[in-house]
Amino acid sequence: MAADLSGAPAAPAAAAAGTPAFLAACQRQPTSHRPVWIMRQAGRYLPEYRALRARVDFEALTRTPELAAEVTLQPLRRFPLDAAILFSDIMTPLQGMGVEITFAPGPVVRDPIRSEAQIEALPQLVPQRDVPFVLKTVELVRAGLPQGVPLIGFAGAPFTLLCYLVCGKPSKEFAPARSFLYQQPQAAQRLLTHLADAMAQYLAAQAAAGAQALMLFESWAGLLGPREYRQFALPAVRRVMASLRAAGVPLIYYMNQGSALTSAVADLDADVIGVDWRSDLAQVRKELGAGKAVQGNLDPAALFAAPQELRRHVDAVLAAAGDAPGHIFNLGHGIWPDTDPDAVARLVDYVHERRQS
Ligand code: CP3
């Protein structure tokens with residue numbers, strides 16, 4: 001499929017009969033029910049994940065295709081979710097590029113990247129050589145998924161990866177990463193371009209292995225003001241997306257704390273924008289225009305509400321999303337590890353009960 005050089009959103013093609021609801025919604029096609037999946041749906045809130053983690057460390061899980069596939073499928077056995085997401089981490093391909101990273105549980109980079117020389121020394125990612133276990137996991141998951149449940153492949157967006165690489169560990173403010181943009185803007189650009197090319201390769205390989213949609217996580221978009229976002233983060237995302245159009249699968253860009261940045265992504269060549277809970281979906285849809293689907297955006301904390309209350313919060317998200325096709329229900333960010341799985345069951349069932357008009 002050729003990239004649309006005009007920048008105008010392509011007219012949605014009719015969804016083929018039998019297209020899974022998640023993929024149809026990505027293309028802004030009507031669906032018989034509102035598709036729903038949960039960010040971080042494979043993970044610590046599930047007792048079966050914790051049982052496996054008691055025996056195997058996180059990295060070993062990500063590097064062992066049989067185990068990573070098992071963890072990917074765990075939430076699908078409990079809940080009738082409309083999509084699966086590959087079990088891996090945004091830092092996994094960077095480990096494949098030789099960056100030493102441990103998880104505690106957030107990623108810790110042994111030698112944070114702060115110099116031109118370190119950036120120059122970063123190799124390009126060759127997925128088949130450097131992360132073959134991820135591609136094998138994609139194949140195993142596809143073989144094990146229920147009929148009609150698509151698999152989402154993912155990567156970290158370049159700026160979010162830069163935050164971890166430069167800062168070296170999770171942080172509230174990511175001060176070293178943000179000051180790096182101002183102190184060494186050219187080095188930052190070079191790093192972002194390198195990461196964009198690596199993630200484009202990585203995601204294309206996931207699609208070739210069987211991933212049916214591709215998602216970029218911009219978890220730290222909210223650290224940037226609109227000017228810096230447009231100068232640093234956005235061009236790198238455009239570069240990844242432009243390269244991925246040829247993969248022929250829906251492209252999703254999730255922005256955390258992106259309410260000040262919505263207009264900046266209105267003409268991004270992505271099919272779906274993932275939205276955190278701080279924004280009103282009606283407002284976001286207006287700002288994005290008809291050419292984008294949206295995904296989100298229930299507050300993960302809402303899963304702690306009493307069942308009747310949870311329904312009210314779901315209703316509010318559905319009302320804000322409106323009846324126009326092109327909404328995928330999700331949380332506004334990852335599910336919290338202390339969430340009751342029964343609340344997730346109630347959420348998924350309730351979203352499905354509410355038919356789409
Ligand atoms: O269902 C899924 O989404 C699971 C696959 C997945 C993981 N990480 C597994 C994981 C995905 C899609 C990610 C993405 C990821 N990783 C992001 C982007 C999404 C987001 O939440 O913003 C980010 C920023 C990371 C970096 C990262 N990795 C952090 C901050 C942490 C620790 C905190 C946490 O949320 O768990 C990790 C470790 C990690 N990645 C765990 C899991 C299940 C916990 C590790 C463990 O079991 O000890």
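In this chain, residues are counted from 1 in sequence order. For ligands, and for the atoms within them, numbers begin at 1 and follow the listed sequence.
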Colleague: State, to 0.1 Å, how close E287 and S263 come at their nearest heavy-atom pair, and which atoms those are.
Modeller: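 Looking at all heavy atoms of both residues, the closest pair is OE1-N, 3.7 Å.
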Colleague: Mark the output for L86 as yes if a heavy-atom distance to ligand 1 is under 4.0 Å, and as no if none is.
Modeller: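 Judged by the 4.0 Å heavy-atom criterion, L86 does count as contacting ligand 1.
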Colleague: Please step through salt bridge (charged side-chain N to carboxylate O under 4.0 Å, His left out) for the pair D267 and R238, ending with a clear verdict.
Modeller: CA-CA 10 Å; D267 71 346; R238 285 196 200 283; 3.1 Å; yes
Colleague: Which residue holds the protein heavy atom closest to atom 27 (C) of ligand 1, what is that atom called, and what is the gap in Å?
Modeller: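 Among all protein heavy atoms, the one nearest atom 27 (C) of ligand 1 is P107 CD, 3.4 Å.
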Colleague: Look at atom 23 (C) of ligand 1 and find which of L46, I90, T62, D276 reaches it with the closest heavy atom.
Modeller: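 It is I90 that holds the nearest heavy atom.
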Colleague: Which bit of T160 is near ligand 1, meaning a heavy atom under 4.0 Å away: side chain, backbone, both or neither?
Modeller: neither
Colleague: Counting from 1, what ligand 1 atoms have a heavy atom of P105 closer than 4.0 Å?
Modeller: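 Counting atoms of ligand 1 from 1, those under 4.0 Å from P105 are 31 (C), 32 (C), 37 (C), 38 (C), 48 (O).
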Colleague: Any idea which atoms of ligand 1 are less than 4.0 Å away from a heavy-atom of I85?
Modeller: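 Ligand 1 atoms under the 4.0 Å threshold to I85: 1 (O), 2 (C), 3 (O).
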Colleague: Specify the protein heavy atom at minimum distance from atom 48 (O) of ligand 1: its residue, its atom name, and the distance to 0.1 Å.
Modeller: R53 NH2, 2.8 Å
Colleague: On a heavy-atom basis, which atom in Q189 and which in Q231 lie closest, and how many Å separate them?
Modeller: NE2-O, 3.3 Å
Colleague: Give the residue and atom name of whichever protein heavy atom lies nearest to atom 22 (O) of ligand 1, and the separation in Å to one decimal.
Modeller: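 Answer, as residue, atom name and distance: S219 OG, 2.4 Å.
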Colleague: Do D271 and R245 sit within salt-bridge range, that is, some charged N less than 4.0 Å from a carboxylate O?
Modeller: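 So D271 pairs with R245 through a salt bridge.
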Colleague: With no hydrogens and no angle check, just 3.5 Å: does a side-chain donor-acceptor pair link N256 and R278?
Modeller: yes
Colleague: Work out which heavy atom in H194 is nearest to a heavy atom in P123; give both atom names and the distance.
Modeller: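 So the minimum-distance heavy-atom pair works out to NE2-O, 2.9 Å.
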Colleague: Within the 4.0 Å heavy-atom shell around F217, which atoms of ligand 1 are there?
Modeller: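 Every atom of ligand 1 under 4.0 Å from some heavy atom of F217: 12 (C), 18 (C), 19 (C).
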Colleague: Quick one: list whatever passes ring pair (Phe, Tyr, Trp, His ring centres under 6.0 Å) with F87, sequence neighbours left out.
Modeller: Y49, F58
Colleague: Ignoring hydrogens, just give me the one of A104, S88, G106, A84 whose non-hydrogen atom is nearest atom 31 (C) of ligand 1.
Modeller: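 Considering heavy atoms of A104, S88, G106, A84, the nearest to atom 31 (C) of ligand 1 sits in G106.
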Colleague: Under a heavy-atom criterion of less than 4.0 Å, does A42 contact ligand 1?
Modeller: yes
Colleague: Among protein heavy atoms, which lies nearest atom 28 (N) of ligand 1, and at what distance?
Modeller: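 Nearest neighbour among protein heavy atoms for atom 28 (N) of ligand 1, to 0.1 Å: D89 OD1, 2.7 Å.
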Colleague: If you take the nearest heavy atom of each of F58, F87, W37, F154, which one is closest to atom 11 (C) of ligand 1?
Modeller: F154
Colleague: In residues 212-221, what donor-acceptor pairs under 3.5 Å come from side-chain atoms, sequence neighbours left out?
Modeller:
from	atom 1	to	atom 2	distance (Å)
Q212	OE1	R142	NE	3.4
Q212	OE1	L151	N	2.8
E218	OE1	T160	N	3.1
E218	OE1	T160	OG1	2.7
E218	OE2	Y253	OH	2.7
W220	NE1	Y164	OH	3.2

Colleague: Which of these, Y49, Y164, W220, has its nearest heavy atom closest to atom 30 (C) of ligand 1?
Modeller: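 Among Y49, Y164, W220, the closest heavy atom to atom 30 (C) of ligand 1 comes from Y164.
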Colleague: Are any of the side-chain nitrogens in D57 or R63 under 4.0 Å away from the carboxylate oxygens of its partner?
Modeller: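 Result for this pair is no, no salt bridge flagged.
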Colleague: Which part of R44 is near ligand 1, with near meaning a heavy atom under 4.0 Å away: side chain, backbone, both or neither?
Modeller: side chain
Colleague: Got a salt bridge between R77 and E70, using NZ or NE/NH1/NH2 to carboxylate O under 4.0 Å?
Modeller: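 Looking at R77 and E70, the cut-off is met.
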Colleague: So which of M91, R40, H333, E218 gets nearest to atom 35 (O) of ligand 1, if we judge by its closest heavy atom?
Modeller: R40
